[in-house]
Amino acid sequence: IAETGAGVTERRWVEDETTRSMGAEAARRAVDDAGIEWGDVDLIINATGIQEQVLPDGASLIQRELGLGDSGIACMSIHTTCLGFLSALDVAGSFLTVGRYDTVVIVNSEIPSEGLNFKQPSSAVLFGDAATAAVVRRTQDGEDSRIEKVAFETYGEGAHLTEVRGGGTRLHPNREKTTPEDNLFDMDGEEVFWMSLQFFPGFMERFEPGLLGSAMDHIDWIVPHQASKAALDAFGRLGVDDKKIVKTIENFGNCVSASMPLTLHKGVFEMGIKRGDRLLLVGTGAGLSFGAMTLIY
């Protein structure tokens with residue numbers, strides 16, 4: 001893998017695990033770490049990009065795997081591919097702000113290894129399997145943690161650049177015209193990269209003027225989606241201090257929607273992100289979509 005120049009030297013692929021089993025295990029650990037009980041949880045958001053099956057909602061499968069199939073805990077899915085965690089965090093924050101729910105568990109469980117096209121090595125070398133979960137609650141009195149701002153933009157002209165064409169109503173698996181390749185991941189990585197360079201600076205300027213310049217001085221850490229080494233290196237071209245960027249691409253690869261929360265976990269437990277630090281969570285997703293959030297951890 002290292003010889004391809006993708007920036008990935010190791011990654012993890014499942015053996016007997018499933019999307020639901022990995023997601024449930026991550027959720028158990030997150031709830032335990034938060035010091036709460038499952039009876040405190042109001043909502044499970046499945047923000048996974050690669051679903052285990054078309055129906056039912058993947059969050060209900062995770063709920064059942066947790067042994068909570070008769071709990072009545074509300075379940076829903078949010079699907080924005082690699083931006084799933086960011087979208088779910090935005091939705092969870094909104095629910096908490098208006099008082100709809102008090103405790104939300106976000107799960108991102110990804111097994112991209114099942115659908116890789118090894119005839120397309122430029123994409124096949126990038127991806128690893130992973131699962132993460134996060135407990136989101138209202139900030140307690142005396143704490144500064146908060147979401148400051150969030151924004152998303154989508155440019156559908158790039159939708160065909162990153163896709164799995166099969167599996168839906170257009171190329172259903174049972175239709176004669178559906179080919180095995182239709183059910184595999186297909187990406188024009190070079191075109192995605194150049195399209196991102198075209199639109200990303202403008203997106204960031206609209207999100208927060210000067211953030212790719214002097215305003216970046218007010219950001220303590222950048223937690224990006226791990227799209228590729230080239231995508232992470234592009235931050236340097238934009239003048240961003242590399243020491244602020246948390247990276248996991250080398251050891252885990254691109255883990256789709258689990259990449260950003262996995263990278264946040266590394267930042268907190270290995271690199272010294274602490275309460276009160278201002279973070280920029282940022283990334284791209286199939287669509288072609290961009291997402292950014294600033295928050296006080």
Side-chain angles (χ1 to χ4, degrees), residues 1 4 6 8 11-23 46-62 64 75-84 87-88 107-131 152-196 198-199 225 227-228 230-231 253-259 283-291:
I1 297 174
T4 65
V8 181
R11 57 187 173 178
R12 280 77 181 156
W13 284 1
V14 301
E15 293 183 346
D16 300 323
E17 299 91 341
T18 64
T19 302
R20 73 180 80 179
S21 70
M22 293 202 310
N46 168 43
T48 299
I50 305 169
Q51 300 301 318
E52 183 170 330
Q53 59 190 70
V54 174
L55 289 173
D57 171 28
S60 64
L61 299 178
I62 293 170
R64 183 179 180 181
C75 292
M76 63 182 289
S77 286
I78 293 174
H79 179 34
T80 54
T81 63
C82 297
L83 293 173
S87 298
V107 180
N108 298 86
S109 183
E110 302 284 6
I111 306 181
S113 62
E114 288 289 348
L116 296 178
N117 184 352
F118 293 99
K119 295 179 181 179
Q120 191 182 87
S122 60
S123 66
V125 298
L126 281 175
F127 292 92
D129 302 337
F152 297 92
E153 289 182 4
T154 297
Y155 297 87
E157 288 297 320
H160 66 290
L161 298 176
T162 309
E163 61 182 355
V164 177
R165 291 176 290 276
T169 57
R170 184 171 71 92
L171 291 171
H172 190 277
N174 293 338
R175 297 188 66 176
E176 291 185 3
K177 70 176 183 178
T178 302
T179 68
E181 287 73 22
D182 289 327
N183 295 315
L184 298 178
F185 180 71
D186 181 54
M187 180 174 70
D188 185 338
E190 184 174 350
E191 190 61 28
V192 169
F193 178 74
W194 289 113
M195 189 172 179
S196 297
Q198 178 184 357
F199 289 105
H225 169 55
S228 66
N254 180 337
C255 301
V256 198
S257 74
S259 270
T284 60
L288 174 72
S289 295
F290 302 93

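Quantities reported herein were computed from a predicted structural model and do not represent experimental measurements.
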Please answer whether the main-chain N or O of [Y] pairs with a side-chain N or O of [X] as donor and acceptor at a distance below 3.5 Å.
| X | Y | result |
| --- | --- | --- |
| Glu17 | Glu15 | yes |
| Arg165 | Arg170 | no |
| Arg11 | Val125 | yes |
| Ser123 | Met187 | no |
| Gln51 | Gln53 | no |

Test item: [X] and [Y] side chains (from C-beta on) under 4.5 Å apart, heavy atoms:
| X | Y | answer |
| --- | --- | --- |
| Asn183 | Thr178 | yes |
| Ser87 | Phe152 | yes |
| Ser109 | Thr19 | yes |
| Ile50 | Phe127 | no |
| Asp129 | Pro112 | yes |
| Leu161 | Leu288 | no |
| Leu184 | Gln120 | no |
| Glu52 | Met22 | no |

Nearest 0.5 Å, what's the [atom1]-[atom2] distance between [X] and [Y]?
| X | Y | atom1 | atom2 | result |
| --- | --- | --- | --- | --- |
| Thr18 | Leu61 | OG1 | CG | 9.0 Å |
| Leu116 | Ile111 | CG | CD1 | 11.5 Å |
| Thr81 | Glu163 | OG1 | CD | 12.5 Å |
| Ser257 | His79 | OG | NE2 | 9.5 Å |
| Leu83 | Ile78 | CG | CD1 | 12.0 Å |

Taking every non-hydrogen atom, the tightest pair across [X] and [Y]:
| X | Y | value |
| --- | --- | --- |
| Cys255 | Ser259 | N-OG, 2.7 Å |
| Thr284 | His225 | O-CD2, 3.6 Å |
| Gly167 | Val54 | O-CG2, 3.8 Å |
| Cys82 | Gly285 | CB-CA, 4.1 Å |
| Gly23 | Ala131 | N-CB, 4.1 Å |

Indicate every side-chain donor-acceptor pair of residues 188-196 with a distance under 3.5 Å to a residue at least two apart or in another chain.
from   : atom 1 : to     : atom 2 : distance (Å)
Asp188 : OD1    : Glu191 : N      : 3.1
Ser196 : OG     : Val192 : O      : 2.8

Derivation of the side chain to side chain contact (heavy atoms under 4.5 Å, CB included) call for Lys177 and Asp182: CA-CA 10 Å; Lys177 70 176 183 178; Asp182 289 327; over 6 Å; no
Criterion side chain to side chain donor-acceptor pair (under 3.5 Å) on Asn117 and Glu181, from CA distance to verdict: CA-CA 8 Å; Asn117 184 352; Glu181 287 73 22; over 6 Å; no
Parallel, tilted or perpendicular: rings of Phe199 and Phe290 (30°, 60°): tilted
Over 12 non-hydrogen atoms of neighbours within 6.0 angstrom of CZ in Arg64: no
